Visitor: 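Shown below is the structure under consideration.
Just the heavy atoms: all of them, side chains too, but no hydrogens, waters or symmetry mates, feed the values below. Predicted model only: the values in this text are computed from it and were never measured.
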Amino acid sequence: MLLDSFLIRAALAGLGVALAAGPLGCFVVWRRMAYFGDATAHATILGVALALALEVPILAGALVVALAMALAIWWLSGRGEATDTLLGVMAHSALAFGLVAVAFLPGVRIDLMAYLFGDILSVGRIDLLVIWGGAALVTALLAWRWQRLLTSTLGADLAHAAGIDPRREQLILTLSLAVVVAVAIKVVGVLLIAALLLIPAAAARRFVRTPETMALAAAGLGGVAALGGVWASWAWDTPTGPTIVCIAALIFAAATAVRRGGG
């Protein structure tokens with residue numbers, strides 16, 4: 001069968017993450033939330049450690065901790081805390097505590113590199129179901145709240161004038177980011193998911209005129225990076241997660257060059 005091939009499963013996993021991360025990454029670019037993706041992703045290592053300690057699925061631990069981190073950041077940012085400083089403290093602290101917690105687990109051997117940089121070639125059928133299920137959930141949520149999210153992104157005053165609660169929309173966005181980070185941990189790892197959120201959206205921004213076309217272009221470019229990265233990794237025997245990000249970076253460089261060349 002088609003899914004018997006590990007390369008096909010890897011390609012589908014990367015495509016699923018990219019399709020959700022692209023539109024979501026647009027809001028990361030517009031709201032200048034790049035560091036949020038890092039903070040949430042780093043926290044998932046702590047979730048991995050907790051999942052191993054409690055003998056529950058890795059995804060469950062990663063998702064719970066990612067959602068908790070998202071809620072904590074949302075709550076603290078609403079109390080006037082400096083967001084960039086807050087994210088820096090929480091990101092590095094969560095990663096450090098997670099790595100230390102893993103070291104204390106008795107009788108547990110874990111390949112930290114797989115969680116830090118991804119292990120997309122080991123994706124199974126259940127992983128595919130989780131990845132595409134999470135991607136579908138986030139995509140549907142973004143489609144449903146698109147106009148409200150856009151309005152609140154433009155400014156809190158404009159959102160209030162339109163009868164929209166910007167804090168609620170920010171919460172929806174942060175929780176969506178947490179879900180994407182959790183399901184992407186096996187594809188590109190916690191250290192690279194922020195790049196997959198940011199780079200395709202930043203590249204798409206170079207040559208589009210409307211938010212909707214930017215979201216579609218970001219999803220498409222992310223998909224190209226994922227598929228190209230899987231192929232390049234197989235052809236040249238390189239780490240797949242980092243290779244996907246390298247392809248995305250080359251796409252961004254090409255988009256920048258074309259934009260400048262066109263004036």
Visitor: Pairing donors with acceptors under 3.5 angstrom, does anything connect the side chains of Thr213 and Thr210?
Guide: yes
Visitor: For residues Arg148 and Thr153, is any side-chain donor paired with an opposing acceptor at under 3.5 Å?
Guide: no
Visitor: Can you tell me how far the CZ atom of Arg9 sits from the CD1 atom of Ile131, to the nearest 0.5 Å?
Guide: 11.5 Å
Visitor: Any heavy-atom pair between the side chains of Leu175 and Leu141 that's under 4.5 Å?
Guide: no
Visitor: Measure the spacing between CG of Leu67 and CG of Leu71 and express it to the nearest 0.5 Å.
Guide: 6.5 Å
Visitor: Between Ser233 and Thr240, do the side chains contain a donor N or O and an acceptor N or O under 3.5 Å apart?
Guide: yes
Visitor: Roughly how far apart are Ile185 CD1 and Ile58 CD1, rounded to 0.5 Å?
Guide: 7.5 Å
Visitor: How would you list all residue pairs meeting ring pair (Phe, Tyr, Trp, His ring centres under 6.0 Å) that involve residues 124-170, not counting sequence neighbours?
Guide: Phe27-Trp146
Visitor: Strictly distance-based, threshold 3.5 Å: is any side-chain N or O of Trp74 a donor or acceptor partner for the main-chain N or O of Arg167?
Guide: yes
Visitor: Could you note down all residue pairs passing ring pair (Phe, Tyr, Trp, His ring centres under 6.0 Å) where residues 199-231 supplies at least one of them, sequence neighbours left out?
Guide: Trp231-Trp236
Visitor: A side-chain contact here means heavy atoms from C-beta on lying under 4.5 Å apart; do Ile164 and Glu169 qualify?
Guide: yes
Visitor: Roughly how far, to the nearest 0.5 Å, is the CG atom of Leu7 from the CG atom of Leu121?
Guide: 6.5 Å
Visitor: Among the clusters formed by ILVMFWY side chains lying less than 4.5 Å apart, do Val123 and Leu192 turn up in the same one?
Guide: yes
Visitor: CG of Asp119 to NZ of Lys186: how many Å apart, nearest 0.5 Å?
Guide: 7.0 Å
